[in-house]
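For reference, the structure is listed below as structure tokens.
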Amino acid sequence: MDRILYTAMSGAKQSMDQQSVVSHNLANVSTSGFRAQLHAMRAVPVQGDGMLPTRVSVAATTPGSDFSPGPITHTGRELDVALEGDAWLAVQADDGTEAYTRRGDLQVDGNGLVTVVGRPVIGDGGPIVVPLGSSVSIGADGTLSAIGEGEGPEALVDVGRLKLVSPERNLLRGEDGLFRMPPNAEGEIAALEGDDEARLVSGSLEGSNVSAVEAMVAMIDVARRYEMQMKAISTADENAQRANNLLSIQG
């Protein structure tokens with residue numbers, strides 16, 4: 001059997017995986033603070049007796065993310081924040097650990113807990129809770145101030161401060177869509193220290209950094225590459241059948 005079947009199959013599989021990444025990016029083109037996923041492929045020489053130098057398989061490189069900033073849109077909503085520069089917002093993941101996001105459409109649940117997509121937002125002393133029914137404003141340094149219903153400006157009180165971090169290296173995306181520091185040599189994931197110099201813009205949201213046009217073009221390109229690999233598999237199979245038929249006739 002011609003080993004081109006295996007090399008073409010590896011290319012087709014990686015094309016399918018890349019198509020999944022492109023589709024995921026396209027589906028999040030309107031998600032606030034979303035960072036596009038990256039998928040790259042590399043050629044791996046096939047080792048073995050009688051293998052030609054042209055015989056290579058395809059493998060995925062280490063997946064990553066595009067950390068370029070998205071567009072900032074003014075919303076006027078008091079609980080919307082857009083992180084400036086390399087700042088990230090700390091939230092509590094489902095397993096209770098600390099993770100980071102650029103999404104800034106904050107909400108206040110029925111218990112006064114400040115959340116992002118249902119995940120508690122972490123402050124200096126843990127998850128932040130604001131008084132129910134109060135009007136909340138957020139300063140450029142992440143400080144949350146609240147005024148009780150029916151009270152005047154003199155009743156403004158600080159209720160916490162968003163934990164903002166500025167990682168010195170790229171974060172890793174988890175399966176839950178949140179980002180974390182890479183694990184250390186012992187496999188542990190440490191939480192980052194808060195950055196007092198990090199700033200945000202209240203009343204605004206950072207959009208996704210995915211370009212819908214580029215994602216559509218990539219989707220078409222990957223689909224054609226997949227078709228090319230499948231054509232190579234079909235051609236190799238047809239050649240093998242012809243060779244077997246010829247051997248049968250000669251025999």
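Not measured: the values here are computed from a predicted model. Heavy atoms only: backbone and side chains are in, while hydrogens, waters and symmetry mates are out.
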* Let me see the working for E98 and K163 under salt bridge (Lys or Arg N to Asp or Glu O under 4.0 Å), right down to the final yes or no. => CA-CA 11 Å; E98 183 173 303; K163 181 178 179 180; 2.8 Å; yes
* Asked: Can you check side chain to side chain contact (heavy atoms under 4.5 Å, CB included) on Q14 and H39, steps first, answer last?
  -> CA-CA 9 Å; Q14 292 302 326; H39 184 279; 3.7 Å; yes
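- Note that CG of L171 and OG of S65 are 9.0 Å apart. Values are rounded to the nearest 0.5 Å.
- Between W88 and F179, the ring planes are tilted. Angles from 30° to 60° get that label.
- V165 is not listed as a side-chain neighbour of E193, based on a closest heavy-atom distance of 4.5 Å or more.
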* After noting the C-alpha distance and the side-chain angles of R180 and D176, does the key distance pass the salt bridge (Lys or Arg N to Asp or Glu O under 4.0 Å) rule? -> CA-CA 11 Å; R180 298 169 177 80; D176 54 3; 2.7 Å; yes
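- Between atom CG of residue L144 and atom OG of residue S134 there is a gap of 9.5 Å, rounded to the nearest 0.5 Å.
- Side chains of V210 and L26 form no contact here, defined as non-hydrogen atoms less than 4.5 Å apart.
- Of all heavy-atom pairs between L172 and P183, the closest is CD1-CD, 4.1 Å.
- Of all non-hydrogen atoms in A146 and P131, the two that sit nearest each other are CB-CD, 4.2 Å.
- Annotation: side chain of S135 is in contact with side chain of E78 (closest heavy-atom distance under 4.5 Å).
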* Evaluate the side chain to side chain contact (heavy atoms under 4.5 Å, CB included) criterion for residues H24 and F34: first the C-alpha distance (whole Å), next the side-chain angles of each, then the deciding distance (0.1 Å), finally the verdict. => CA-CA 11 Å; H24 180 67; F34 181 78; 3.9 Å; yes
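- Of all heavy-atom pairs between A99 and A93, the closest is CB-CB, 4.5 Å.
- Rounding to the nearest 0.5 Å gives a distance of 11.0 Å between CD1 of I189 and CG of L192.
- Not a single donor-acceptor pair under 3.5 Å links the side chain of N28 to the backbone N or O of T31.
- A cation-pi arrangement is not found for R173 relative to F67, the charged atom failing to lie both closer than 6.0 Å to the ring centre and inside a 45° cone about the ring normal.
- Of the options I72, V201, L164, a side chain to side chain contact (heavy atoms under 4.5 Å, CB included) to E84 is made by V201 and by none of the others.
- Distance alone, capped at 3.5 Å, places no donor-acceptor pair between the D124 side chain and the G160 backbone.
- In this structure, R224 places its CZ atom where only 12 or fewer heavy-atom neighbours from other residues, nucleotides or ligands lie under 6.0 Å away.
- The backbone N or O of G70 lies less than 3.5 Å from a partner atom in the side chain of E206, making a donor-acceptor pair.
- Applying the side chain to side chain contact (heavy atoms under 4.5 Å, CB included) test between V130 and each of N111, L79, V114, L113 identifies V114 as the sole match.
- Checking side-chain atoms of S234 against main-chain N and O of M230 turns up no donor-acceptor pair under 3.5 Å.
- Hydrophobic clustering places V136 together with V157 (ILVMFWY residues linked when any side-chain heavy atoms are closer than 4.5 Å, directly or through intermediates).
- You'll find the side chain of V117 reaches within 4.5 Å of the side chain of R103, heavy atoms only.
- Atom CG of L83 and atom CG of L200 lie 6.5 Å apart (nearest 0.5 Å).
- Between the CG atom of D105 and the OG atom of S32 there is a distance of 5.0 Å, given to the nearest 0.5 Å.
- The two residues P167 and M181 come nearest to each other via the heavy atoms CB-SD, 4.4 Å.
- Using a cut-off of 4.0 Å between Lys/Arg side-chain N and Asp/Glu carboxylate O, D86 and R102 are scored as not salt-bridged.
- Taking 4.5 Å as the limit, some side-chain heavy atom of Y226 sits within range of a side-chain heavy atom of M16.
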* To do: Verify side chain to side chain donor-acceptor pair (under 3.5 Å) between D158 and T143, making sure each step is shown before the conclusion.
  => CA-CA 7 Å; D158 292 342; T143 301; 5.7 Å; no
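- Using a 4.5 Å cut-off on side-chain heavy atoms (C-beta onward), L162 and L89 make contact.
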* To do: Just do the side chain to side chain donor-acceptor pair (under 3.5 Å) check on T75 and D80 with the steps written out, would you?
  => CA-CA 7 Å; T75 64; D80 284 345; 2.8 Å; yes
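- Between V129 and P120, the closest side-chain pair of non-hydrogen atoms is not below 4.5 Å.
- Between L178 and R119 the shortest side-chain heavy-atom distance falls below 4.5 Å.
- Linking Ile, Leu, Val, Met, Phe, Trp and Tyr whenever their side-chain heavy atoms come within less than 4.5 Å puts V121 and V81 in one cluster.
- The two atoms that bring S166 and D195 nearest to each other are OG-OD2, 2.7 Å, heavy atoms only.
- For the atom pair CG (N25) and CE (M219), the distance works out to 9.0 Å, reported to the nearest 0.5 Å.
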